[in-house]
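Numbering starts at 1 and runs along the sequence shown.
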Amino acid sequence: MSNINNNLQSKLKLINDIQVNEPQLYNFVARIGNVNRPGISVTKMDCVEWKTTRLCTLTGTATSRTAFTEYMSELENMQGVKSAVCTSYTVSVTDGEPVATFVVAITCEGGAAPIV
C-alpha cells in the first residue's frame with residue numbers, strides 16, 4: 001500500500017512541476033484596454049514572447065508628463081503585473097504642441113513555459 005501511495009504522490013508532484021501558472025493573455029490585454037487615462041494613447045502592444053517571458057511592451061503617446069505618470073501608476077498597480085518600467089520617453093513638438101512618445105515594458109506574474 002505504501003508503494004502505491006508513494007507512486008501516486010510522485011506522479012502528482014510531477015504534474016504540479018510541469019504545470020505553468022499562466023495568466024491568460026486575453027485577460028491581460030482586456031485589463032490594459034480598461035485603463036482609460038485622458039491624454040494617453042497606446043499605439044502598439046507587443047506580447048510576442050508571452051509564454052516564455054511574461055513580457056509585454058506598450059508604445060504610445062502622452063500629452064503631458066502628469067498624464068503619463070498617472071498611467072504608469074495604474075499599470076504598476078494592475079492585477080497580475082509584477083513590474084512596469086518606462087524604457088523610453090521622448091518629447092517632440094507637433095503642430096506647436098508638445099507630444100511625448102513612450103515605451104513601457106510590463107512584466108507579469110506567473111511561471112514561464114520552458115523554451116523547447
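- When atom types are taken as modelled, the side chain of Thr87 and the backbone of Ala105 share no donor-acceptor pair closer than 3.5 angstrom.
- With a 4.5 Å cut-off on side-chain heavy atoms, Ile106 and Leu75 count as touching.
- Contact record, Thr101 with Thr61: OG1-CG2, 4.3 Å, taken as the closest heavy-atom pair.
- The same ILVMFWY cluster, assembled from side-chain heavy atoms under 4.5 Å apart, contains both Met78 and Trp50.
- Val85 and Tyr89 are members of different hydrophobic clusters when ILVMFWY side chains are connected at heavy-atom separations under 4.5 Å.
- Between Phe28 and Arg31 the shortest side-chain heavy-atom distance falls below 4.5 Å.
- The side-chain heavy atoms of Met45 and Cys56, taken from C-beta on, include a pair separated by under 4.5 Å.
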*Output, in order, the C-alpha distance, side-chain angles, deciding distance and verdict of side chain to side chain contact (heavy atoms under 4.5 Å, CB included) for Glu109 and Val81.*
CA-CA 6 Å; Glu109 298 171 344; Val81 170; over 6 Å; no
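- Residues Leu58 and Ile32 form a side-chain contact, since some pair of their non-hydrogen atoms from C-beta on lies under 4.5 Å apart.
- For Asn77 against Ser73, the heavy-atom pair with the smallest separation is ND2-O, 2.9 Å.
- Note: Glu74 CD to Met72 CE = 11.5 Å, rounded to the nearest 0.5 Å.
- Looking at heavy atoms from C-beta onward, Phe102 lies out of side-chain contact with Val91 at the 4.5 angstrom threshold.
- Atoms CG and OG, from Leu55 and Ser83 in turn, are 8.5 Å apart once rounded to the nearest 0.5 Å.
- Side-chain atoms of Asp95 do not come within 3.5 Å of backbone N or O of Glu97 as any donor-acceptor pair.
- Side-chain contact between Val42 and Tyr71 is present, with at least one heavy-atom pair separated by less than 4.5 Å.
- Shortest non-hydrogen contact noted between Ala67 and Pro38 is CB-O, 3.6 Å.
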